[in-house]
Amino acid sequence: MKRRARHAPKKVLVLGGAPDGDIIARKLQQRPDRYNVIGIFDDRWARLENEGAAHSAPVLGSVDDMVALCREDLPDMIVIAIFDAGRERLRNIVRKVIVLPVDLYLATDIFPPGFSVGALQDDGLDLCLILISKVPLSGGWFWAKWVEDKILASIFILAFLPLYILIALLIKIDSRGPIFFVQNRYGFNDKVIKVLKFRTMYVEKGDPTGADRTVRNDPRVTRIGRYLRSFSLDELPQFFNVLQGDMSVVGPRAHATAMRVDNELYEKAIDCYSARHRVRPGMTGLAQVRGYRGEITSREAAQKRVDCDLYYITHWSLSLDFKIILKSIGIVLYSRENAF
C-alpha cells in the first residue's frame with residue numbers, strides 16, 4: 001500500500017463530464033499546490049465523444065475505465081460531479097466506485113447555510129463536497145496497524161520456529177513434493193498476491209486456483225495435511241506474508257482468485273465483494289470467529305461472510321484485532337468442525 005508524501009498534492013479523479021465535472025475540475029486546478037486533477041471520467045462516455053466538449057483536464061474514459069485505472073495507480077480522491085443525476089444513475093455509479101480504497105466525495109451545486117463541506121471548506125474554492133466514503137485506516141491508524149502487524153508476525157515466527165521445522169520434516173516424510181504451497185489470492189485494492197501455506201495435498205491432486213473447494217475427507221489431502229488443516233497449522237507461513245507487507249494478522253481473509261459459490265465467482269455473486277479489499281487481507285478475521293470459517297456452500301452464507309468483513313473495515317480498532325486473535329486461538333483449539 002503506497003503512502004502519499006505528506007505535502008504532495010492530492011491526486012484527484014473527477015467523475016462527470018462537462019459542464020458539471022469540468023466546473024469542479026477547474027476549481028480544484030486553482031490550487032495546484034493541493035490538488036492534481038489527473039483526469040475526467042463519465043458514465044455516459046459515448047455522449048462526451050459525440051459532443052466533443054472542451055475540458056480543462058484529460059477525458060480518460062468510462063466509470064469502468066476509472067476503476068481499472070485505480071487498480072493500477074490509486075488516486076487520493078474521487079469527486080462525483082453530476083449535479084442532476086437521477087437516483088438510479090447515481091446509485092449505479094456509487095456502487096461501482098465505493099469499493100475503491102479512496103476518499104469519495106459527491107459534489108453539489110447546493111450550499112445549505114452552515115453546511116460543513118469537509119476537507120475543502122477552508123480552501124476558498126466555493127465548493128460543496130459531501131464525503132461518501134473515507135479511506136480505511138488512514139493517517140496514524142495506518143501506522144498503528146502496521147506496527148501491530150510487524151510486531152505480532154515477528155513474535156509468532158520466533159515462537160513457532162521449532163514447529164515450522166517439525167512440520168517441514170513431516171511433510172517431506174509423508175509425501176513427495178515441496179514443503180510450501182503458493183496460491184494466488186486477492187490482496188489490497190484487488191491486487192493479486194502470492195500467499196504461502198504448508199502443502200497439505202498431494203502434488204498431482206492440488207488445485208492452485210482454489211476453484212475446487214476442499215470437502216470433508218477430501219482424497220486430495222495427505223495424512224499430515226489433515227492434521228495441519230484441522231488445527232490451521234498450514235496457515236503459519238502466512239506470517240511471512242505479513243512481514244512482507246502483503247497481508248495483516250487480522251483482516252478480511254485472503255480469497256483465492258477463482259473461489260466460487262453456487263458455481264459463480266465471488267465477485268459476480270456477492271454484492272460489493274471488492275469493497276473487502278480496501279484493506280490488506282488477514283490470516284484471520286471477524287467472519288472466521290463469527291462462524292463463517294471453512295466451506296461456504298450458499299450465497300446467503302457467502303454474503304454474510306463479506307458483510308462481516310465490511311463491518312470489520314468500518315469498525316476497526318486495536319482492541320477488536322486482539323479480541324479476534326484470542327477468539328481465533330480458542331476456535332483452533334476447541335472448535336474445528338469446519339476445518340478440513
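- Note that CG of L326 and CD1 of I331 are 11.0 Å apart. Values are rounded to the nearest 0.5 Å.
- Between R305 and D309 there is no salt bridge, since none of the side-chain N atoms of the basic residue sits less than 4.0 Å from a carboxylate O of the acidic one.
- A side-chain donor-acceptor contact under 3.5 Å links D321 and Y312.
- For the pair S138 and K134, the tightest heavy-atom approach, listed with the atom from each and the gap, is OG-CE, 4.0 Å.
- No salt bridge links E267 with R276; every basic N to acidic carboxylate O contact stays at or beyond 4.0 Å.
- At a threshold of 4.0 Å, the pair R44-D42 does not count as salt-bridged, since none of the basic side-chain nitrogens sits closer than that to a carboxylate oxygen.
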List the steps, then state whether side chain to side chain contact (heavy atoms under 4.5 Å, CB included) holds for L129 with V79.
-> CA-CA 8 Å; L129 300 182; V79 180; 3.9 Å; yes
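- Inspection of the N184 and K194 side chains reveals an N or O donor paired with an N or O acceptor under 3.5 Å.
- For the residue pair Q303 / D307, a side-chain donor-acceptor distance below 3.5 Å is found, with atom types taken as modelled.
- Rounding to the nearest 0.5 Å places CG of L28 at 6.0 Å from CE of M77.
- Taking CG of D149 as the start and CH2 of W146 as the end, the distance is 9.5 Å to the nearest 0.5 Å.
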Could you walk me through whether R290 and K304 pass the side chain to side chain contact (heavy atoms under 4.5 Å, CB included) check?
-> CA-CA 10 Å; R290 286 190 173 177; K304 289 180 180 178; over 6 Å; no
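- No donor-acceptor pair closer than 3.5 Å links the side chain of E148 to the backbone N or O of L318.
- Using cut-offs of 30° and 60° on the angle between ring planes, the pair Y273 and Y186 is perpendicular.
- At distances below 3.5 Å, at least one donor-acceptor pair connects side-chain atoms of K172 with backbone N or O atoms of G177.
- By the neighbour-count criterion of 12 heavy atoms within 6.0 Å, atom CZ of F83 is densely surrounded, having more than that number from other residues, nucleotides or ligands.
- Using a 4.5 Å cut-off on side-chain heavy atoms (C-beta onward), I80 and L90 make contact.
- The minimum heavy-atom distance between L60 and G39, with the atom names listed, is CD1-CA, 3.9 Å.
- Within the 4.5 Å cutoff, the side chain of S274 has heavy atoms near those of the R71 side chain.
- Minimum heavy-atom separation, I270 to A302: CD1-CB, 3.6 Å.
- A heavy-atom distance below 4.5 Å is found between the side chains of L15 and V63.
- The hydrophobic cluster containing V192 does not contain F240, counting ILVMFWY residues as joined when their side-chain heavy atoms lie under 4.5 angstrom apart, directly or transitively.
- You'll find the side chain of F181 stays beyond 4.5 Å of the side chain of M201, heavy atoms only.
- Atom CG of residue L196 and atom CD of residue Q183 lie 11.0 Å apart, to the nearest 0.5 angstrom.
- Using a 4.5 Å heavy-atom cutoff, the side chains of Q238 and V242 are not in contact.
- Between P252 and V279, the closest side-chain pair of non-hydrogen atoms falls below 4.5 Å.
- Using a 4.0 Å cut-off between charged side-chain N and carboxylate O, D43 and K96 make no salt bridge.
- Open room surrounds CZ on R223; 12 or fewer heavy atoms of other groups in view lie less than 6.0 Å from it.
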Identify each donor-acceptor pair in which a side-chain atom of residues 151-164 lies under 3.5 Å from a protein atom, sequence neighbours left out, and give them as a table.
unit_1, atom_1, unit_2, atom_2, d
S154, OG, K150, O, 2.8
Y164, OH, L236, O, 2.7

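- The backbone N or O of L310 lies less than 3.5 Å from a partner atom in the side chain of T314, making a donor-acceptor pair.
- Residues I40 and I23 do not share a hydrophobic cluster, defined by chaining ILVMFWY side chains whose heavy atoms lie under 4.5 Å apart.
- Judged by distance alone, the side chain of R185 and the main-chain N or O of A254 form a donor-acceptor pair under 3.5 Å.
- Judged purely by atom type and a 3.5 angstrom limit, D218 uses its side chain to pair as donor or acceptor with the backbone of R220.
- Remark: F180 pairs with F198 by the ring-ring contact (aromatic ring centres under 6.0 Å, His included) rule, at least two apart or across chains.
- Residues V221 and Y202 do not share a hydrophobic cluster, defined by chaining ILVMFWY side chains whose heavy atoms lie under 4.5 Å apart.
- With respect to I193, the side-chain contact (heavy atoms from CB on, under 4.5 Å) criterion is satisfied by exactly one of T257, N241, D246: D246.
- Taking both residues in full, the closest heavy atoms of R260 and N263 are given as NH1-O, 3.3 Å, listed atom of the first, atom of the second, then distance.
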Should F142 and V135 be marked as a side chain to side chain contact (heavy atoms under 4.5 Å, CB included) after you check the CA-CA gap, both sets of side-chain angles, and the distance that decides it?
-> CA-CA 10 Å; F142 169 84; V135 175; over 6 Å; no
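- Here the side chains of C70 and P75 are in contact, with some heavy-atom distance below 4.5 Å.
- Remark: C308 SG to I313 CD1 distance equals 11.5 Å, nearest 0.5 Å.
- Closest approach of D20 and A81 over heavy atoms only: CB-O, 3.2 Å.
- Of the residues listed (V102, L74, I38, I78), the one engaging K11 in a side-chain contact (heavy atoms from CB on, under 4.5 Å) is I38, and it is the only one.
- Closest approach of I98 and S133 over heavy atoms only: CG1-CB, 4.0 Å.
- The number of heavy atoms from other shown groups lying within 6.0 Å of NZ (K191) is above 12.
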Please test F41 against V67 for side chain to side chain contact (heavy atoms under 4.5 Å, CB included), starting from the C-alpha separation and ending with a verdict.
-> CA-CA 10 Å; F41 297 80; V67 173; over 6 Å; no
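- Both Y334 and L228 are members of a single hydrophobic cluster when ILVMFWY side chains are connected at heavy-atom separations under 4.5 Å.
- Remark: side-chain polar atoms of T222 are paired, donor with acceptor, to backbone N or O of T200 under 3.5 angstrom.
- For the pair V99/R278, no side-chain contact is recorded, criterion being any heavy-atom separation below 4.5 Å from C-beta on.
- Atom CD1 of residue I179 and atom CD1 of residue I171 lie 6.5 Å apart, to the nearest 0.5 angstrom.
- Hydrophobic clustering (side-chain heavy atoms under 4.5 Å, transitive across Ile, Leu, Val, Met, Phe, Trp, Tyr) keeps M259 apart from L265.
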